[in-house]
Amino acid sequence: MDNSELSSPLLSSPTSSVDGEVGEERYDTLGTTKKQHVSSRSITSSVLTDGSTLATSGLYSSGDPERGEASSGTDTPASDKMEHNLSGCMLAVLIFFTMSGGPIGVEPSIKAAGNLYAIIGFAVMPFLWALPEVLITTELGLLYPCASGGVRWCEVAFGPKAGLIVGYLGWIAGVANNATLPVLFLQYVLNQFYPHLYDDINGLLRYGILAGITLLLTIVNYRGVEIVGKVLVIVLFISMTPFLVMVIMGIPQVNTDRWLQTPNGETQTFNDDQFDLAQSGWFPQYVAGIALRPFINNLYWCYNGFDQGGHYSNSVSKGMFKRGMAGAFILTCSSYLVPVLIATGASNLSQSEWTAGAFATAATEIGGKWLGNWIVVGAGFSMVALFFGEMSADSLQLMGMAELGQVPSIFATRSRYNTPTVSAMYAILLGTAGILCLLPFSFTFIIELSNVGYCFAVTMEFLAYFQLRVRKAKDIRLLRKIWNVMLLIPTLSFNLLIILLASYVTYIYAVCMIAFGLVLIHATPIWRCIKRDKVGAAQDAKDVTPL
């Protein structure tokens, strides 16, 4: 199949619903055609395999939301009928770099809780959170194979407004999550090469460096740089090899007594204590010596995002999708727990020394300066892959929302490099502006803001799962419904805990985020009317017979 014949799922033309009714908001009514929506040059969120572009982000869902039905047969958008060219192994790697990228950034959990409780957290979290999310994503992805992922599930369950809100919240969380990456990488560099500047770097200099990194990566992303196919495997090898070497060299040095170290009773600081509002909340901040907010938020940040696998559900066969989700689960969980076990057991770092970037220090102690430097290089490669993936997905998502008339149509054009222009100019600039606003804050505080946005979005996805697979599911037995409810109990409880632990500043951020989402819902008809008027005027101009 020729690449030029493939249309992006973000731009695919919706068709009729399962009842055979013609949708009111078909792209055809907006004057779009298949020729106008040819495949874009893939950027990180697309996968180029055997000549086919498999996009990983989209927003359209066909089917009847009121009845909780999915589209099938000829009602499936053309973009959702892509060839199944991804292997289970490749899918696992793609999901891994969509939501994890390796053990970088786990250090605040150890600092907040000590070795013992951090190890317990990384051993238990996969079963309390990650596994239920993987199972829910796998089931809904198989039932509703679409590049939209969670957006489609919520549209089918609750209607288009719910899909809009999930897409918006996901974009907000993605922007905040991307802001953590330059901050984290700088902390790795400072911790390894300039430790005297780690806590004393000039604030303006720090911001300038972070802004420079962000803008450089944004420009590269704008040019449509491809990190696709086997290149991701190479990035995985480069980023994870130093941690593997650290594990191999550290095993003989492990002292299991170090694993039993509990919090030392000292109040731990996380670089944002100067913001009283950011540190204060109504929920108890310390329990049994554990700094709950940074500990829980860091664990949540490390393991959330498996629902992103839903974006690939139309790119693989059912069997490969199951294997890919299982592989991503194993790869992600092991990439956290094993390095944490070795680093805490084979190094003499105290609890207060486990700041972001301390993995490089632990590797230096285990294998020498060269291994610590290698860890920093691996972290850099991982950070670039994660940044490109998140930025591209966020940009494509905003473009897709514009194509559906959910946001102004200015966000729907493409650059001369065939990337979404306003993903490359306006959408990317909008996301970059959000990142630049967050860069002055600490790594742990940005994580908290990212988690709150993701928490609301994934809660809606879980409620969609309840609606589709418990409340309205007539084809499954009672025991299966009970099992489905049991999957939701730990995940929704953890989401509630994230909200309870939030600081007052985070509550203000959440209120503003939700309020703007409500405004966006009510503004959607305006964008659609403007777009219809523009398309209608253009069509009228084409219909005028030249004299």
Side-chain angles (χ1 to χ4, degrees), residues 100-115 118 122 177-203 205-207 209-210 212-214 217 238-243 245-247 250 268-273 291 294-295 297-299 301-302 335-336 339-344 346-387 438-448 450:
S100 174
I104 58 172
V106 307
E107 299 94 338
S109 290
I110 305 174
K111 182 176 182 178
N115 293 355
F122 282 103
N177 184 62
N178 246 2
T180 65
L181 300 175
V183 173
L184 180 59
F185 179 67
L186 179 61
Q187 288 184 294
Y188 263 81
V189 172
L190 293 178
N191 195 58
Q192 180 67 8
F193 301 109
Y194 308 100
H196 60 287
L197 293 176
Y198 189 85
D199 293 320
D200 299 325
I201 186 173
N202 179 273
L205 175 61
R206 174 183 179 273
Y207 185 81
I209 295 173
L210 293 174
I213 295 173
T214 301
L217 293 176
I238 294 174
S239 61
M240 294 304 297
T241 298
F243 290 98
V245 173
M246 183 191 72
V247 168
Q268 302 297 326
T269 59
F270 294 86
N271 299 330
D272 55 3
D273 288 43
F295 178 55
N297 270 287
N298 189 261
L299 286 176
W301 178 76
C302 287
S335 72
Y336 289 138
V340 167
L341 283 170
I342 300 303
T344 55
S347 70
N348 290 311
L349 294 182
S350 64
Q351 180 181 350
S352 60
E353 292 177 308
W354 277 102
T355 55
F359 255 120
T361 305
T364 298
E365 186 176 327
I366 292 171
K369 188 74 172 178
W370 65 271
L371 183 56
N373 295 345
W374 196 5
I375 290 283
V376 175
V377 172
F381 273 90
S382 181
M383 184 271 291
V384 170
L386 287 167
F387 189 95
L438 295 173
L439 291 180
F441 298 104
S442 74
F443 175 63
T444 52
F445 185 58
I446 300 174
I447 281 179
E448 183 177 331
S450 174

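Keep in mind that this is a model prediction, so the values were computed, not measured. These values consider heavy atoms only, across backbone and side chains, with no hydrogens, waters or symmetry-generated copies.
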Chemist: Quick one: side-chain hydrogen bond (donor to acceptor under 3.5 Å, both in side chains) partners of T214, sequence neighbours excluded?
Modeler: none

Chemist: Name all residues meeting the side chain to side chain contact (heavy atoms under 4.5 Å, CB included) criterion together with Y194; count only those two or more places apart in sequence or in a different chain, and write none if there are none.
Modeler: V189, L190, H196, L197

Chemist: Could I get the full list of side chain to side chain contact (heavy atoms under 4.5 Å, CB included) partners for S450, not counting sequence neighbours?
Modeler: A176, N177

Chemist: Pick from W301, Y336, F122: which one makes a side chain to side chain contact (heavy atoms under 4.5 Å, CB included) with S109?
Modeler: F122

Chemist: Find the distance between CG (N191) and OG1 (T355) and round it off to the nearest 0.5 Å.
Modeler: 4.5 Å

Chemist: Taking all heavy atoms of F185 and all of A379, pick out the closest pair and write down the distance.
Modeler: CD1-C, 4.4 Å

Chemist: Do N297 and T444 have a side chain donor and acceptor closer than 3.5 Å?
Modeler: no

Chemist: Are I104 and Q187 close enough that some pair of their side-chain heavy atoms sits under 4.5 Å apart?
Modeler: no

Chemist: Any side-chain hydrogen bond (donor to acceptor under 3.5 Å, both in side chains) pairs touching residues 373-387, not counting sequence neighbours?
Modeler: Q192-N373

Chemist: How far does CD1 of I366 sit from CD1 of I342, to the nearest 0.5 angstrom?
Modeler: 7.5 Å

Chemist: Which pair of non-hydrogen atoms, one from P103 and one from Y188, has the smallest distance, and what is that distance?
Modeler: O-OH, 4.5 Å

Chemist: Test your reading of the model: is there a side-chain donor-acceptor pair from R206 to the backbone of V183, 3.5 Å cut-off?
Modeler: no

Chemist: Testing the basics here: between A360 and V376, what is the closest heavy-atom pair and its distance to 0.1 Å?
Modeler: CB-CG2, 3.9 Å

Chemist: Closest approach of I110 and Q351, non-hydrogen atoms and distance?
Modeler: O-CG, 3.8 Å

Chemist: If you look at every heavy atom in N298 and G105, which pair is closest and at what distance?
Modeler: ND2-O, 2.9 Å

Chemist: Does S350 have any side-chain hydrogen bond (donor to acceptor under 3.5 Å, both in side chains) partners at least two apart in sequence or in another chain, and if so, which?
Modeler: S352, E353

Chemist: OG of S442 to CD1 of I447: how many Å apart, nearest 0.5 Å?
Modeler: 8.5 Å

Chemist: Shortest non-hydrogen contact from L349 to T361?
Modeler: CD2-CG2, 3.8 Å

Chemist: Starting at CD1 of I446, measure out to CG of N178 and round the result to the nearest 0.5 Å.
Modeler: 11.0 Å

Chemist: Between CG of L217 and CZ of F387, what distance do you get to the nearest 0.5 Å?
Modeler: 5.0 Å

Chemist: Are the side chains of L184 and M383 in contact, using a 4.5 Å heavy-atom criterion?
Modeler: no

Chemist: Any side-chain to backbone donor/acceptor pair from S347 onto T344? Under 3.5 Å, distance only.
Modeler: no

Chemist: Measuring from atom CG of L438 to atom CZ of F443, what distance do you get when rounded to the nearest 0.5 angstrom?
Modeler: 13.0 Å

Chemist: Applying side chain to side chain contact (heavy atoms under 4.5 Å, CB included), can you list everything that pairs with A343, at least two apart in sequence or on another chain?
Modeler: M246, W354, F359, A362

